[in-house]
Student: 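First the structure, then my questions, so here it is.
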Amino acid sequence: MQHKEGALEGFTAEYGCKRLLYFEGYGDIRTAIAREKQLKGWRREKKLKLIGTINSEFKDLAQTWGWKMITAHEKMYP
């Protein structure tokens, strides 16, 4: 939700990134960091093709994670 609301400074707030289109899970942080560095070196076209392998419609994957998506005007906890 912090990304959707732009609550955190950084890339996502600066460029208005609001949807989760792709993710990979790793059990070891070193492996995850190495993969992130690898992906950062790729050209945009290659990244879009990778996203398309699991999310061809470019839907927000976070909406299927089982929690109710809230808007900026709603509170997460009552």
Side-chain angles (χ1 to χ4, degrees):
M1 274 329 296
Q2 293 170 331
H3 290 296
K4 290 190 178 296
E5 294 176 352
L8 301 175
E9 293 182 17
F11 183 89
T12 56
E14 186 175 340
Y15 291 95
C17 300
K18 304 288 183 188
R19 295 180 296 155
L20 176 66
L21 300 178
Y22 181 85
F23 68 93
E24 295 178 8
Y26 293 93
D28 179 65
I29 188 67
R30 293 171 298 226
T31 306
I33 291 170
R35 177 63 169 161
E36 183 176 6
K37 288 180 180 182
Q38 179 187 36
L39 294 175
K40 283 184 178 183
W42 288 9
R43 299 183 69 84
R44 180 179 177 88
E45 296 82 21
K46 190 172 181 179
K47 292 176 188 177
L48 291 173
K49 191 172 185 177
L50 177 64
I51 292 167
T53 64
I54 67 158
N55 188 3
S56 60
E57 296 180 23
F58 287 77
K59 292 182 179 179
D60 186 352
L61 299 176
Q63 290 182 339
T64 64
W65 281 7
W67 63 71
K68 178 184 175 283
M69 299 301 290
I70 61 173
T71 66
H73 304 290
E74 295 177 297
K75 293 184 179 178
M76 185 177 247
Y77 304 103

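Quick caveat: nothing in here was measured; it's all calculated off a predicted structure.
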Student: Would you confirm whether Asn55, through its side chain, and Leu21, through its main-chain N or O, come within 3.5 Å as a donor-acceptor pair?
Tutor: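 Side chain of Asn55 to backbone of Leu21, a donor-acceptor pair under 3.5 Å: yes, one is there.
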Student: What's the verdict on side chain to side chain contact (heavy atoms under 4.5 Å, CB included) for Tyr26 and Ile33, showing C-alpha distance, side-chain angles and the deciding distance?
Tutor: CA-CA 9 Å; Tyr26 293 93; Ile33 291 170; over 6 Å; no
Student: Taking all non-hydrogen atoms of both residues into account, name the closest pair between Ala13 and Leu8 and its distance.
Tutor: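 The answer is CB-O, 3.0 Å.
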Student: By salt bridge (charged side-chain N to carboxylate O under 4.0 Å, His left out), which residues pair with Arg44, not counting sequence neighbours?
Tutor: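 Arg44: no salt bridge (charged side-chain N to carboxylate O under 4.0 Å, His left out) contacts found.
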Student: Please, which pairs that meet salt bridge (charged side-chain N to carboxylate O under 4.0 Å, His left out) have at least one residue in residues 46-59, sequence neighbours excluded?
Tutor: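 Passing the test, one end in residues 46-59: Glu57-Lys59.
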Student: What closest approach, in Å, do Cys17 and Phe11 show between heavy atoms, and which atom pair accounts for it?
Tutor: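 Taking Cys17 first and Phe11 second, the nearest heavy atoms are SG-CE2, 3.7 Å.
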Student: Does any pair with a residue in residues 7-25 pass salt bridge (charged side-chain N to carboxylate O under 4.0 Å, His left out), and if so which ones, sequence neighbours excluded?
Tutor: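 Those involving residues 7-25 are Glu24-Arg35.
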Student: To the nearest 0.5 Å, what is the distance between CZ on Phe23 and CD1 on Ile54?
Tutor: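 Going from CZ on Phe23 over to CD1 on Ile54, the span is 6.5 Å.
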Student: Which heavy-atom pair separates Leu61 from Tyr22 by the least distance, and what is that distance?
Tutor: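 Of all heavy-atom pairs spanning Leu61 and Tyr22, the closest is CD1-N, 3.8 Å.
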